[in-house]
Amino acid sequence: MMHSVELTLHNQPEVMERVLRVTRHRGFSIIHMNMQLNEAGSVTLHFDVKSERVIELLTHQLNKLIDVIDCQAVTVPAAIDVNTPIFAAASQKTTAQA
């Protein structure tokens with residue numbers, strides 16, 4: 001199942017490493033990621049993950065991280081195919097880099 005997660009984080013050098021480690025340890029694969037610096041000195045991180053696990057396993061752990069200000073998750077409906085252009089482009093980039 002696909003899920004979309006949006007985090008607001010403190011802008012710290014180690015914040016991405018912590019988020020990625022928790023995501024991997026909870027059994028989720030990142031399909032797409034986008035990060036943006038905000039004027040307030042925070043970071044907005046939006047990423048799509050894929051897993052058969054419930055998204056709450058990930059969001060509860062992400063909320064425990066010291067640098068997380070806010071965590072929002074949305075489940076992408078099963079009717080959306082990962083081969084649609086937005087998802088296909090992200091997967092092609094990943095395989096091209098490998």
Side-chain angles (χ1 to χ4, degrees):
M1 187 172 295
M2 295 282 297
H3 306 281
S4 184
V5 179
E6 185 169 317
L7 298 173
T8 305
L9 309 161
H10 293 288
N11 188 9
Q12 298 295 323
E14 64 279 354
V15 71
M16 285 298 296
E17 180 183 349
R18 290 179 179 158
V19 169
L20 293 174
R21 184 178 60 236
V22 167
T23 304
R24 179 176 55 91
H25 281 257
R26 292 293 166 224
F28 288 82
S29 297
I30 296 178
I31 305 300
H32 178 261
M33 181 182 292
N34 185 21
M35 183 173 127
Q36 182 177 355
L37 293 174
N38 300 326
E39 292 178 10
S42 62
V43 175
T44 300
L45 177 65
H46 175 86
F47 58 99
D48 298 326
V49 294
K50 184 177 180 180
S51 180
E52 292 304 316
R53 298 175 181 217
V54 294
I55 192 64
E56 288 78 13
L57 291 174
L58 177 60
T59 57
H60 286 160
Q61 293 302 313
L62 289 172
N63 274 317
K64 292 180 184 180
L65 294 176
I66 193 164
D67 293 317
V68 173
I69 300 168
D70 185 42
C71 177
Q72 302 290 324
V74 176
T75 300
V76 178
I80 296 179
D81 185 8
V82 293
N83 292 322
T84 56
I86 192 168
F87 293 113
S91 65
Q92 288 173 357
K93 281 185 181 179
T94 306
T95 36
Q97 293 174 354

Does [X] have any side chain to side chain contact (heavy atoms under 4.5 Å, CB included) partners at least two apart in sequence or in another chain, and if so, which?
{"X": "Met33", "result": "Met16, Leu20, Ile30, Leu45, Phe47"}
{"X": "Asp70", "result": "Thr8, Gln72"}
{"X": "His60", "result": "Glu56"}

Restricting to non-hydrogen atoms, name the atom on [X] and the atom on [Y] that form the minimum distance, rounded to 0.1 Å.
{"X": "Gly27", "Y": "Ser51", "result": "O-OG, 3.1 Å"}
{"X": "Gln61", "Y": "Arg26", "result": "CG-NE, 2.9 Å"}
{"X": "Val54", "Y": "Phe28", "result": "O-CZ, 3.4 Å"}

What's the separation between atom [atom1] in [X] and atom [atom2] in [Y], rounded to the nearest 0.5 Å?
{"X": "Leu57", "Y": "Leu62", "atom1": "CG", "atom2": "CG", "value": "11.0 Å"}
{"X": "Glu6", "Y": "Cys71", "atom1": "CD", "atom2": "SG", "value": "9.5 Å"}
{"X": "Asp48", "Y": "His46", "atom1": "CG", "atom2": "NE2", "value": "4.5 Å"}

Pairs meeting criterion side chain to side chain donor-acceptor pair (under 3.5 Å) with involvement of residues 10-23, two or more places apart
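Every side chain to side chain donor-acceptor pair (under 3.5 Å) pair that includes a residue of residues 10-23, provided the two are not neighbours, is Arg18-Asp67.
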
Which is it for Val5 and Ile55 under the side chain to side chain contact (heavy atoms under 4.5 Å, CB included) test, yes or no, and what are the steps along the way?
CA-CA 9 Å; Val5 179; Ile55 192 64; 4.1 Å; yes

Joint cluster assignment, Met35 & Val49, ILVMFWY side-chain distance < 4.5 Å
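They do share one cluster, since a chain of ILVMFWY contacts under 4.5 Å joins Met35 to Val49.
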
Out of curiosity, does Leu37 fall in the hydrophobic cluster containing Leu7 (side-chain heavy atoms, cut-off under 4.5 Å, transitive links)?
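In one cluster: yes.
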
Those residues that, when tested against Thr75, pass side-chain hydrogen bond (donor to acceptor under 3.5 Å, both in side chains) (two or more places apart):
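Thr75 satisfies side-chain hydrogen bond (donor to acceptor under 3.5 Å, both in side chains) with His3 only.
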
